[in-house]
Amino acid sequence: MTATAPTTALAQGTEEIQDAGHVDVLIVGAGVSGIGAAYHLRDQFPDRTFLVLDAQDDRGGTWWTHRYPGVRSDSDLFTYGYRFKPWRGPSIAAGGEILAYLDEVIDEHGLDQYIRYQHRVTAASWSTEERRWTVEVTRGDTGQRLRFTTGFLWMCQGYYNHAKPYRPEWNGMDRFEGLVVHPQRWPEDLDLSGKRVVVIGSGATAATLIPAIAEKAQHVTMLQRSPTYFFAPPTKHELAVQLEPLDLPDEWMHEIMRRQYVSQQQMLARMSFEAPDELHAFLIESMRPLLPEGFDIDKHFTPRYRPWQQRIAVVPDGDLFAAL
C-alpha cells in the first residue's frame, strides 16, 4: 500500500513546502538497486509502506543516463541481475536489454505505483527524538517542493552525478576546435563518419565505446594514463552451450550459471592477492592471440598496477581487440 499525500502546506521563509506524507521506508534511486529494494520490501514486508524517488525522467539509473554507442554491462547479468528474476540473455548485455529486464520486474510485481520520477532529494535530516527522517524533495516537472518523513531512508542512488557528469579540465582545451562529447551526454544525432576521434580513458566505457564507433569513424585513438586489465571471455559461456540441449527450466539454468560466474569471480579475486604475478601473466597472455601479430603489448596493454587494484574490464569475444 502507498502513502497518502496530505495537502497541508508548511511555510519556510518565502517558499512553501507541501507535506507529502509519511512512509515506513523511503528509497532514493530507481535503478537496479532501488528496484530490487522495492521488490524485496513488497515481498518480505507487505504491510510496510514505501516509495521510490528518482530525479530522472525514467527508471534505470546509469542505464537510462548512458546511451552512448555500444553501452553494455561490464559484469555478468547472472550475478549483476536479480536472483529472483532469471536472466535469459547473454552474460554481458547491452544497456537496452538491461532496461527491458528492469521493465519486466516493474511490470510483473506492480512496482510502478511506488515510483515517483522527477523527484530530486535536496536535503535530509534525522530526528533522534522523533526517530524519523525528514526529506526535502524538488519536483523537476513542476518545481514544487515536497517534504516526506520516513522511519528508514534507503539510499540506492549510486555514485554517478547524472545531472553534471565529471569532466577534467586540461590546459589548451579552450583552443580545441573540435567537438567534446561526454558519454553521459551523448547526442542522439552525432555522426562520426569520417571523423578522427580520441577516446580519453581505458576503462569499461572506452572498451565498449571504441568497437561501436570504429565502424564509422575514420580513425579512433584510445588515450590512456595506464592500460586496463582486460578479460575476453566468449559471449556465451561454454557451460551454457553444453547445457542448452538439456532444455532446463529458466530458474535452473539461471542458478547454475550464477554459481558458475560467482565461482569464476572468486577465483580471480583470490588469485589477485594470493598470486598476482600469475594472474597478471594469465590476463596478458590471454590477450596475445586476439591482437595483431607483433602488437606491442608491453607498451599498450600492460597496466602499471596489480590485477584488481582497479576493475578488470570484460570485452566479450575480444571485440575491442578485433577493432584493432
Side-chain angles (χ1 to χ4, degrees), residues 31-33 35-36 39-40 59-63 66 69-109 203-212 215 228-272 275 278-279 281-291 307-308 311-324:
V32 174
S33 296
I35 292 171
Y39 164 82
H40 287 295
R59 79 290 179 242
T62 184
W63 306 111
H66 292 80
V71 60
R72 67 188 179 202
S73 65
D74 62 340
S75 299
D76 72 273
L77 265 294
F78 292 97
T79 55
Y80 180 65
Y82 304 122
R83 189 167 189 171
F84 62 83
K85 171 69 173 176
W87 176 254
R88 299 177 178 86
S91 61
I92 301 297
E97 294 174 313
I98 297 173
L99 285 176
Y101 174 75
L102 295 178
D103 285 339
E104 289 182 11
V105 173
I106 291 172
D107 292 342
E108 291 170 5
H109 301 283
T205 299
T208 59
L209 174 65
I210 288 173
E215 299 174 358
T228 295
Y229 281 106
F230 292 107
F231 182 51
T235 300
K236 181 170 285 190
H237 198 288
E238 61 180 27
L239 178 59
V241 175
Q242 295 171 1
L243 293 174
E244 270 187 350
L246 301 179
D247 196 24
L248 298 174
D250 288 339
E251 290 77 10
W252 289 24
M253 188 71 168
H254 175 83
E255 186 60 22
I256 291 171
M257 294 310 304
R258 180 179 175 278
R259 294 188 183 194
Q260 173 66 24
Y261 278 107
V262 167
S263 175
Q264 179 176 289
Q265 291 172 15
Q266 288 177 334
M267 179 195 70
L268 289 174
R270 187 169 59 252
M271 284 187 68
S272 71
E278 287 83 348
L279 180 56
F282 166 75
L283 293 170
I284 296 299
E285 290 306 313
S286 66
M287 289 190 286
R288 198 175 299 278
L290 303 173
L291 289 163
W308 266 126
R311 290 191 67 171
I312 297 174
V314 176
V315 284
D317 292 326
D319 57 0
L320 173 64
F321 310 124
L324 287 172

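Residue numbers run from 1 in the order of the sequence given.
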Partners of [X] by side chain to side chain contact (heavy atoms under 4.5 Å, CB included), sequence neighbours excluded?
X: Pro289; answer: none
X: Tyr101; answer: Tyr82, Lys85, Trp87
X: Trp308; answer: Leu268, Ser272, Arg311, Ile312
X: Asp250; answer: Pro86, Arg88

Salt bridge (Lys or Arg N to Asp or Glu O under 4.0 Å) against [X], all qualifying residues, sequence neighbours excluded:
X: Glu238; value: none
X: Asp317; value: none
X: Glu244; value: Lys236

Find the distance between [atom1] ([X]) and [atom2] ([Y]) and round it off to the nearest 0.5 Å.
X: Phe321; Y: Ile210; atom1: CZ; atom2: CD1; answer: 11.0 Å
X: Leu243; Y: His237; atom1: CG; atom2: NE2; answer: 10.0 Å
X: Arg72; Y: Thr205; atom1: CZ; atom2: OG1; answer: 10.5 Å
X: Leu239; Y: Ile256; atom1: CG; atom2: CD1; answer: 7.0 Å
X: Gln265; Y: Asp76; atom1: CD; atom2: CG; answer: 5.0 Å
X: Thr79; Y: Gln260; atom1: OG1; atom2: CD; answer: 11.5 Å

Is there a donor-acceptor contact under 3.5 Å from the side chain of Ser286 to the main chain of Phe282?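 Checked: pair present.
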
Partners passing side-chain hydrogen bond (donor to acceptor under 3.5 Å, both in side chains) against [X] (at least two apart in sequence or in another chain):
X: Ser73; answer: none
X: Glu215; answer: none
X: Thr228; answer: Ser202
X: His109; answer: none

What side-chain donor-acceptor pairs closer than 3.5 Å can you find for residues 90-98, not counting sequence neighbours?
residue	atom	partner	partner atom	Å
Ser91	OG	Thr235	O	3.4
Ser91	OG	Tyr261	OH	3.1
Glu97	OE1	Ala94	N	2.8

Quick one, [X] and [Y] - any side-chain contact, counting heavy atoms below 4.5 Å?
X: Pro69; Y: Leu209; answer: yes
X: Phe78; Y: Val262; answer: no
X: Thr208; Y: Asp74; answer: no

Side chain to side chain contact (heavy atoms under 4.5 Å, CB included) between Leu290 and Val315, worked out: CA-CA 11 Å; Leu290 303 173; Val315 284; over 6 Å; no

Do you know the tightest heavy-atom contact between Ala323 and Pro211?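 Minimum heavy-atom contact is CB-CA, 4.2 Å.
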
Shortest non-hydrogen contact from Leu283 to Pro307?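 Reported closest heavy-atom pair: CD1-CB, 4.3 Å.
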
Which label fits Tyr39 and Phe84: parallel for a plane angle under 30°, tilted from 30 to 60°, or perpendicular past 60°?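 Tyr39 and Phe84: parallel rings.
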
